[in-house]
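Below is one structure, written out as structure tokens; comments come after it.
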Amino acid sequence: MKITRKDFLRISGLSLLAAGCKRAAESVSQPASSVRAASTQPVRWGMVIDLSKCREKDGCNACIHACNAAHNIPQIANHAHEVKWIWTEPDATVFPSAQTDFAPQTVTETKVPLLCNHCANPPCTRVCPTQATWKRDDGIVMMDWHRCIGCRYCVAACPYGSRSFNFEDPRPSIESINPDFPTRTKGVVEKCNFCEERLARGLKPACVDACPQRVFTFGNLADPESEPRQLLRERFAVQREPELGTGPSVFYLV
Amino acid sequence: MRDRVWIFAGLAFFVAALTCPAWYAVANGKASNKSKPPNLELPANQKECVAPAGTMRAAHMQMLIQWREDVVRHGDRRFVAFNGKVYEKSLTRTCLGCHNKEQFCDRCHAYSGVSDPYCWNCHNDPQTVAGSRTRSTP
Ligand code: SF4
Ligand code: SF4
């Protein structure tokens, strides 16, 4: 059989078209088949921090030590290069607009534990050009250190100072490395991950477990019967600067 | 035709320059050394890997990248191997749970000229990590 040039072009054109259609059909049908079994109940991880209990044990810092050890957080002497996931600041700095005249000194001078708020509407993820930081379906604002290019847009976008940049190789400044968690490298941004790696194994975050005063109550804010939701029903709580519209998932009982 | 000698001299010089690395290696006796496959230490406690050896040799990097995507981006840590066994998708806990980084990974990487993939800038070798404490998880 002899194929004319016209036939040849016609056949190859049709084959290309068919291949293209197949790709298109696949890409349309794939999300449906590969969608992970959507959990029946929505999850939004959150935390309630009871400052009245924390105040009873001033200068304890067990939560901070537990986090540092679990996540290989470097202890860098140079304040400008500091890396922190959970730390403390005085009450007056943390809640500047919630200060009242004549408040007792015990309250105004309380050291308040701070960490990433895992905001419901996080500004940090919106500015990330590589989606190295993004919000998971369970509310955790995650970091993918493989993808972070160190542009620090997110550091500028976070109104709470929750993010740290690795200005130097962190390894020499880590006292003893926990092999189960990666260290970071020079040039990436890091922050609290709500112990995502522990939640995956059915454990609570390291700070929650380490606190001798049981100051932290961790749970699913989307479930009205969860422990944090019960606490929030019973007691008056504040969030850090909720007027910014970020919707922090960390609440403080004052 | 009077340039013949120049042309051939130039050609000879060109060929010599092109092949000089090979000659250099032969002269230093390195070539014979390098061509010997590295002596890889296999785990004593395990006979089977998460995929057949051929697949691992050819495609462990793609597999690790897939694992990374699954774990970090999708929170999916369960790997069902070709033989139905279930593993955790983890470089440190699964791969280095059996393999010795220095005697396995590093030797072959050095042999094939990919020494120091930057995985190790962050991921730890549990056997050499300084002052390795109790593991954080059971
Ligand atoms: S506290 Fe900052 S880093 Fe954390 S989610 Fe909110 S904006 Fe992002
Ligand atoms: S520093 Fe990293 S995580 Fe932050 S915005 Fe840039 S790429 Fe994204």
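Sequence lines set the chain letters: A, B, ... in the order given, protein chains first and strands last, and positions in each chain run from 1. All values below come from the heavy atoms of this structure, side chains included, with hydrogens, waters and symmetry mates left out.
Put simply, the side chain of A:Asn178 gets close to the backbone of A:Ala70: a donor and an acceptor are under 3.5 Å apart. At distances below 3.5 Å, at least one donor-acceptor pair connects side-chain atoms of A:Tyr252 with backbone N or O atoms of A:Pro113. The backbone N or O of B:Asp70 sits nowhere less than 3.5 Å from a side-chain atom of B:His74 that would complete a donor-acceptor pair.
In this structure, the portion of A:Ala132 lying under 4.5 Å from any heavy atom of chain B is its backbone and not its side chain. Within the 4.5 angstrom heavy-atom criterion, only side-chain atoms of B:Arg68, from C-beta onward, approach chain A. Only the side chain of A:Trp134 comes within less than 4.5 Å of a heavy atom in chain B; its backbone stays farther off.
Of the residues considered (A:Lys186, A:Glu196, A:His146), A:His146 shows the highest number of contacts with chain B, using heavy-atom pairs under 4.5 Å. Across A:Arg136, A:Arg171, A:Met142, the residue that shares the most heavy-atom pairs under 4.5 angstrom with chain B is A:Arg171. Here B:Asn124 is the residue among B:Val71, B:Asn124, B:Val72 with the most heavy-atom pairs under 4.5 Å with chain A.
Ring-plane geometry between B:His99 and B:Phe104 is classed as parallel, the angle between the planes falling under 30 degrees on a 0 to 90 degree scale with a further cut at 60.
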Identify all side-chain donor-acceptor contacts of residues 115-127 of chain A below 3.5 Å with residues at least two apart in sequence or on another chain.
from, atom 1, to, atom 2, distance (Å)
A:His118, ND1, A:Val141, N, 3.0
A:Asn121, ND2, A:Gly245, O, 3.3
A:Thr125, OG1, A:Pro122, O, 3.2

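Within residues 78-86 of chain A, no residue has any heavy atom less than 4.5 Å from a heavy atom of chain B.
Here the NZ atom belonging to A:Lys204 is positioned 12.0 Å from the CZ atom belonging to A:Phe194, to the nearest 0.5 angstrom. Rounding to the nearest 0.5 Å gives a distance of 4.0 Å between CZ of A:Arg163 and SG of A:Cys154.
Looking at B:Glu41, B:Arg107, B:Gln127 one by one, the single match for side-chain hydrogen bond (donor to acceptor under 3.5 Å, both in side chains) with B:Asn100 turns out to be B:Gln127.
In this structure the side chain of B:Arg78 never reaches within 4.5 angstrom of the side chain of B:Glu88, judged on heavy atoms.
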